[in-house]
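Just so we're on the same page: letters track the sequence lines, and every chain starts at 1. Keep in mind that the numbers below use all heavy atoms, side chains included, and drop hydrogens, waters and symmetry copies.
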Amino acid sequence: MKVRNKSGNENIKTSGTSGTRKIKDEPNDATSRICLALALVPMGRVVTYGSLAELAGLPRAARLVGQTLRKLPKDTRLPWHRVLNAQGKISLPEPGAERQKKRLENEGVTLLNGKVDLGIYLWPKPGEL
DNA sequence: GGAGTGACGGATG
DNA sequence: ACATCCGCCACTC
């Protein structure tokens, strides 16, 4: 039996009571919801950090998305490569940027001059969700 | 409990 | 279109 969640089981605990949380914490922590929202992104489509945060119910927490993705394990099945910044460009420094680009093109996402046309690939489109 | 941080975003120059 | 600055939010030390 393989451990699909090496730490997944309770990987994201601690922060529950981080303090900033005033009333009760919601069913899921922010990090968890970001992962869930990310899992919904269909292949061949992309989302921006900001929109993903919003989809996760965390408007304005775009940076959180970045920090969260940063912590993702290498073997994660989440489509982290479908996340781009609001400019339609890859934010990842160097190491992963190339891999991300390759994966995107592999899914049919065309990068023009290193940029993706969000008007076409951004998910969800109005009325689509 | 407090300060620093970041795979961002939007406004400005 | 590009570079810079400031603001945001939750996480980490």
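- With DNA chain C read from its 5' end, the first of the two nearest nucleotides for A:Q67 and A:K115 is the one closest to A:K115.
- Here the closest heavy-atom approach between residue A:L104 and residue A:R82 is recorded as CD2-CA, 4.1 Å.
- If you take CD1 of A:I34 and C1' of B:dG6, they are 12 Å apart, rounded to a whole angstrom.
- Note: CD (A:E98) to C1' (B:dA7) measures 16 Å, nearest angstrom.
- B:dA7 atom P lies 11 Å from atom NZ of A:K71, rounded to whole Å.
- Counting all heavy atoms, side chain and backbone alike, A:N85 lies closest to A:L118 at O-CD1, 4.1 Å.
- Residue A:T48 places its side chain closer to B:dG9 than to any other of C:dC11, B:dG9, B:dA7.
- In this structure, the CG atom of A:L69 is 21 Å from the P atom of B:dT5, given to the nearest Å.
- Nucleotide B:dC8 holds its P atom 10 Å from the CD atom of A:Q87, rounded to whole Å.
- Closest to the side chain of A:R60, out of B:dA7, B:dG9, C:dC8, is C:dC8.
- Residue A:R63 places its side chain closer to C:dC8 than to any other of C:dC8, C:dA10, B:dG9.
- In summary, of the residues considered (A:T48, A:V116, A:L84), a side chain to side chain contact (heavy atoms under 4.5 Å, CB included) with A:L122 occurs for A:T48 alone.
- Going from atom CG of A:N85 over to atom P of B:dA11 covers 15 Å, rounded to whole Å.
- OP1 or OP2 of B:dC8 has not a single side-chain nitrogen or oxygen of A:K89 nearer than 4.0 Å.
- A straight line from CG of A:L64 to P of B:dC8 spans 12 Å, rounded to a whole angstrom.
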Discussion item. Evaluate A:Q100 against A:W80 for side chain to side chain contact (heavy atoms under 4.5 Å, CB included), listing each step before the verdict.
Written reply: CA-CA 8 Å; A:Q100 179 173 7; A:W80 57 270; 3.9 Å; yes

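- Within 6.0 Å of CD in A:E107 there are more than 12 heavy atoms belonging to other residues, nucleotides or ligands.
- Atom OH in A:Y49 sits roughly 17 Å away from atom C1' in B:dG10 (whole-Å rounding).
- When the side-chain nitrogen and oxygen atoms of A:T31 are compared with OP1 and OP2 of C:dC11, one or more of them lie within a distance under 4.0 Å.
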